Amino acid sequence: MSKTRIEVLDRREFLVASGAAVATLTALTSGALAREMKDANKLLQELTGGAKPTEGKVKLEMPEIAENGATVPVKISVDSPMTDKDYCESVTIIAPKNPTVYVATFKFTPDSGKAWVSTRMRLAQTQEVWALAKMSDGSFRIAKTNVKVTIGGCGG
Amino acid sequence: MGKARVKVPKKAKKGEIITIKTLIKHKMQRATKDKKTGKPIKRNIIHTFEAKFNGKPFLTAEWDTGISANPYTAFTHRVSESGEYEFVWKDDAGQTYTAKARIEVA
Amino acid sequence: MFGTRYRMGGVAFTALGALAVAGVFTLGAGSASACEECKGKFEVDGKKSGYLYSNPSTQAMEDDDFDNPGMLWVEKGRKLWAKKDGKANKSCQDCHGAPEKMRGVYPVYPKYDPKTKKLINIEQRINRCRTEKMQAKPWKWDKDNLLGVTALIGYVSRGLPVNVKIDGPAKPFFEKGKAFYYQRRGQLDMACKHCHEDNAGKYIRADFISEGRGGGNFPTYRLKWQKLGSLHRRFKGCNKQVRAKPYKQGADEYVNLELFVKWRTNGLPVEVPGVRR
């Protein structure tokens, strides 16, 4: 709300307006927006058991701009020897701004040969997508990438 | 309809890591309401996908509503012997879809 | 990829008529993009397929026959082709042989039909076979069966140039289709040409506008639809977007328009099933 606008309001209007503004702000931080973030972080915490995932070794490939959020190609590869002693157990895709932040988990075995998967996912809006890898030694790795989802002018 | 398509090389060398592609026709329906009638539409997605070689699973996937309609998945496998692949998809409606393919190790 | 994109927001779209036309299109930093090899294939005599107006990731989905989700329908079409149906207990194959024998059919439809004295397109031709030769029920537009066989007939003509005839008895229908294309319609008072001729290669909000040469790629798998769909379904979408009342799939208006759009595509290769955003 701009300063000029407030000056032209009388006191009662101002109180109502600012009250509403405060209410909106609270709703945003403790409601929808915050919940979106909290869910993804909570999910991450649940998956890692509180361990902090480190960056690197995970490659998350997605188009910078998705032409339509309904079908967005995604490729994940994890740098791992994939031996019985040392392999990547799984990767989980998380979309923090999707209605359901958990997208999918792919579980590998040493027989997989590579910790690599290519699939297509839905993105409800522009956001940062996460790929969490669980290694056989119990450590976690994470990669993040931003994808812009275009809102078409001629959806048809 | 012929729902699933899989692409597996017919031949490989022992120890070779091959790429497998899979595609299945499925709406991956999220729980929602019918636009016209307002009636609820139940969620019906493929929630589990499994790839087995000679009966032994080597890749399993758990999907939620964020996987696109007509799910596409490509992944790898280290081939140790000749044998048969089996791919299994399971959805909320209790349907199971399977596809098979053979590979020969030279 | 396409560089900076400019958004006009909802304002331009709520403005009416000529104002909207003037205000909503924005020049993108990029132009139609693809590898040189693809360019040769999808650009003929200065005409560009919608393929060249797609993102590389969407192009890649069309390029590979396995990755292309539209192939699920082609395979369904192949099964239906050989399946006996109707009171006559006949399959498409019983009369026509292998689907590959239909190579060359897709590029020349719609064409003049002496029987009804108007145009007939592929979908209608399939349903005529069903009702007359097979004595079976016609298939519904934009359902898997009709999409499947239509896609199959398109698929076996892949790579052939679209080549519809617009002279002779087809001429008056071509003229009607052309008139439709240039006719302003709907609350936004826009004709097909305002987007696809005057403003191709620019952005309408976030969408990169193609030249509207969709005569070689439908039925197309649209990412938005999450399934295969007919050219007539796309026409309906365009009409709705300018807030005009759309016609039904298979309406004379749309078959005539199909001939005009396909003529605009003449020379470009058949790429069924296409993949678009």
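Lettering of chains follows the sequences in order, A, B, ..., and the numbering in each one begins at 1. Just so we're clear, the structure is a prediction, and the values are computed from it rather than from any experiment.
- Contacts between A:V72 and chain B at a heavy-atom distance below 4.5 Å involve the backbone alone (N, CA, C, O).
- Distance check, rounded to the nearest 0.5 Å: OG1 of A:T92 to CG of B:D64 gives 11.5 Å.
- Top candidate by heavy-atom pairs under 4.5 Å with chain A, chosen from B:T60, B:I18, B:I17, is B:T60.
- At distances below 3.5 Å, at least one donor-acceptor pair connects side-chain atoms of B:T76 with backbone N or O atoms of A:S112.
- The environment of NZ in A:K144 is crowded: more than 12 heavy-atom neighbours from other residues, nucleotides or ligands sit within 6.0 Å.
- Using a 4.5 Å cut-off between heavy atoms, B:T19 touches chain A through its side chain atoms alone.
- Among all heavy-atom pairs drawn from A:D111 and B:K56, the shortest one is OD2-NZ, 3.2 Å.
- With B:S68 contributing its side chain and A:A70 its backbone, the two residues share a donor-acceptor pair below 3.5 Å.
- Atom-to-atom distance recorded for B:R30:CZ and A:T100:OG1 is 8.5 Å, nearest 0.5 angstrom.
- Rounded to the nearest 0.5 Å, atoms CD (B:E50) and NZ (A:K107) are 10.0 Å apart.
- The backbone N or O of A:P110 sits less than 3.5 Å from a side-chain atom of B:R78, completing a donor-acceptor pair.
- Contact of B:L23 with chain A is made through the side chain alone, with heavy-atom distances under 4.5 Å.
- With a 4.5 Å cut-off on non-hydrogen atoms, B:K21 does not touch chain A at all.
- Between the A:R120 side chain and the B:P71 main chain, no donor and acceptor come within less than 3.5 Å of each other.
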query = side chain to side chain contact (heavy atoms under 4.5 Å, CB included) between A:F106 and B:E62: does it pass, once the steps are laid out?
reply = CA-CA 7 Å; A:F106 295 87; B:E62 289 154 16; over 6 Å; no

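- Between B:T65 atom OG1 and A:Y102 atom OH the span is 11.0 Å, to the nearest 0.5 Å.
- The contact between B:A69 and chain A is made by backbone and side chain atoms together, counting heavy-atom distances below 4.5 Å.
- A distance-only check finds no donor-acceptor pair linking the side chain of A:T119 to the backbone of B:T73 [under 3.5 Å].
- Comparing A:L123, A:I93, A:T109 by heavy-atom pairs within less than 4.5 Å of chain B, the highest count is held by A:T109.
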